[in-house]
2 protein chains.
Amino acid sequence: MDLLQNAITTISPLSTESMDAFHQSWKLWSVKKDHFLLKENTVSDYIYFIEKGVTRIYYYKNGKEITEWIALDGQFFLSITSFFQRIPSHLIIQTIEPSEVLGIHHDDFMKLADKYHDIERLLRKMVTSSLILSQVRMDSIQFESAQQRYERLLQTTPQIVQRVPLTYIASFLGITLETLSRIRSQR
Amino acid sequence: MDLLQNAITTISPLSTESMDAFHQSWKLWSVKKDHFLLKENTVSDYIYFIEKGVTRIYYYKNGKEITEWIALDGQFFLSITSFFQRIPSHLIIQTIEPSEVLGIHHDDFMKLADKYHDIERLLRKMVTSSLILSQVRMDSIQFESAQQRYERLLQTTPQIVQRVPLTYIASFLGITLETLSRIRSQR
DNA sequence: CGTGCACTTGATTGAAGTCAAGCGCTGTGG
DNA sequence: CCACAGCGCTTGACTTCAATCAAGTGCACG
């Protein structure tokens, strides 16, 4: 759990009391490759944190898989709309390596945020950084070429290419597998 | 100020004490058409709320104006990255009608969020809905055709077309003026 | 040993961008 | 009070980036 506690403190430090209460609310799952953490059309009750392993978040759009996010160790991930709006998610969350995954239930998180001001602040900061990330990603999708997006990925998270099949990476970058293949070949 | 108070209560109700303190921290500006609320390369200190009028948020990308957002009466707007990260913004905020604009300073908002738990919660909910909006918009840019994006705009905010020049709308939709013109002609 | 998955390569297509010209208001200076 | 400059928008010709469709290669593992 050290990795999680460390991640939390980096975002927004908690008092000992809050941290204790918060910390205890996380559950741990050790799952194998290709395990489903969230199935289609169910309400996503958890914010997850991946201690070890890789997961991808994807959904079906006109019969095709769209990878929305790939989370490597040390990252939080969730279905934003489902978790916050409490509506069934079209998203599917699946591990793509054997993984150690922590999760906190929506209701527990909200009760704690209500009880402890500093947990509410932590949540706000988590959402804020997610929002900033979302803006950066939108800009990337709108204005960068396929090539530039791939190169940005190589710079920010080079290990992703070693651990995740190209099909998922292509979809995550918003391009087809073929286009990604061509980009990779010409360098 | 009623419109603002109402908007706040809809997002997350505040206690009388919090609402009083919060309410008093907003300043009002009455500005004419084409007034700059935020200039390039300055830190954006305010979250704004438009009581009456229209503003657009834009920036320069390779010498071209990119309209990132258009805010009509009753909406909040801000430079997300600049406000939260306290870094100079490449964004420019300009009114495009004579407008009544309210704003709260970053430091005031943060002090209040620190002091009052329910104001922190309000801020969290504001950021959350902004995040959800950002996700929806990303999906739209990535998967919808120019035509579909225009039609979505017509459905969600039809008044925008009456009040905002097409150049800005095109840019807001992430398409060129020419493409928008062609879309509009064929119906 | 062969079936299928992960990826590559080639040919063709399509949506929207770019460049260029033109039209019709509107407002302002001679 | 007219003329013309410029803005807001339209229309046309051409280009481009990446998608789609279609084969094909090579490796992994059951």
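In this text the structure is predicted, and so the values were computed from the model without any measurement. Throughout, protein chains are lettered first and strands after them, A, B, ... in sequence-line order, and every chain is numbered starting at 1.
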Decide if the gap between the ring center of A/Phe77 and the ring center of A/Trp69 is smaller than 6.0 angstrom.
-> no
Examine A/Tyr46 together with A/Trp26 and report whether their ring centres are nearer than 6.0 Å.
-> no
Between [N] atom [atom2] and [X] atom [atom1], what is the distance in whole Å?
| X | N | atom1 | atom2 | value |
| --- | --- | --- | --- | --- |
| A/Leu177 | D/dA22 | CG | C1' | 14 Å |
| B/Ile183 | C/dG17 | CD1 | P | 9 Å |
| A/Ile141 | D/dC17 | CD1 | C1' | 16 Å |
| A/Leu166 | D/dG26 | CG | P | 17 Å |
| A/Lys61 | D/dA19 | NZ | P | 15 Å |
| B/Lys64 | C/dG17 | NZ | P | 10 Å |
| B/Gln186 | D/dC9 | CD | C1' | 16 Å |
| A/Arg184 | C/dT9 | CZ | C1' | 15 Å |

Side-chain atoms of A/Thr176 come closest, of C/dA16, D/dA19, C/dC7, to D/dA19
Among C/dC7, D/dT11, C/dT9, the one nearest any side-chain atom of A/Ser185 is C/dT9
Return yes if the base of [N] and the side-chain atoms of [X] contain a donor-acceptor N/O pair under 3.5 Å, otherwise no.
| X | N | answer |
| --- | --- | --- |
| B/Arg182 | C/dG17 | no |
| B/Glu178 | D/dC9 | no |
| A/Gln147 | D/dC17 | no |

Under 4.0 angstrom between A/Ser181 side-chain N/O and C/dT8 OP1 or OP2 | yes
Determine whether the side chains of B/Ser79 and B/Ser44 contain a donor N or O and an acceptor N or O closer than 3.5 Å.
-> no
Determine the contact category for B/Thr167: base if any of its heavy atoms lies under 4.0 Å from a base atom, sugar-phosphate if only primed atoms, P, OP1 or OP2 are that close, otherwise nothing.
-> sugar-phosphate
How would you label the contact of A/Leu180 with the nucleic acid (heavy atoms, under 4.0 Å): base, sugar-phosphate, or nothing?
-> nothing
Using a strict cut-off of less than 4.0 Å between a Lys/Arg side-chain nitrogen and an Asp/Glu carboxylate oxygen, indicate whether B/Lys125 and B/Asp118 qualify as a salt bridge.
-> no
Can a salt bridge be assigned to the pair A/Arg121 and B/Glu120 using a cut-off of 4.0 Å between side-chain N and carboxylate O?
-> yes
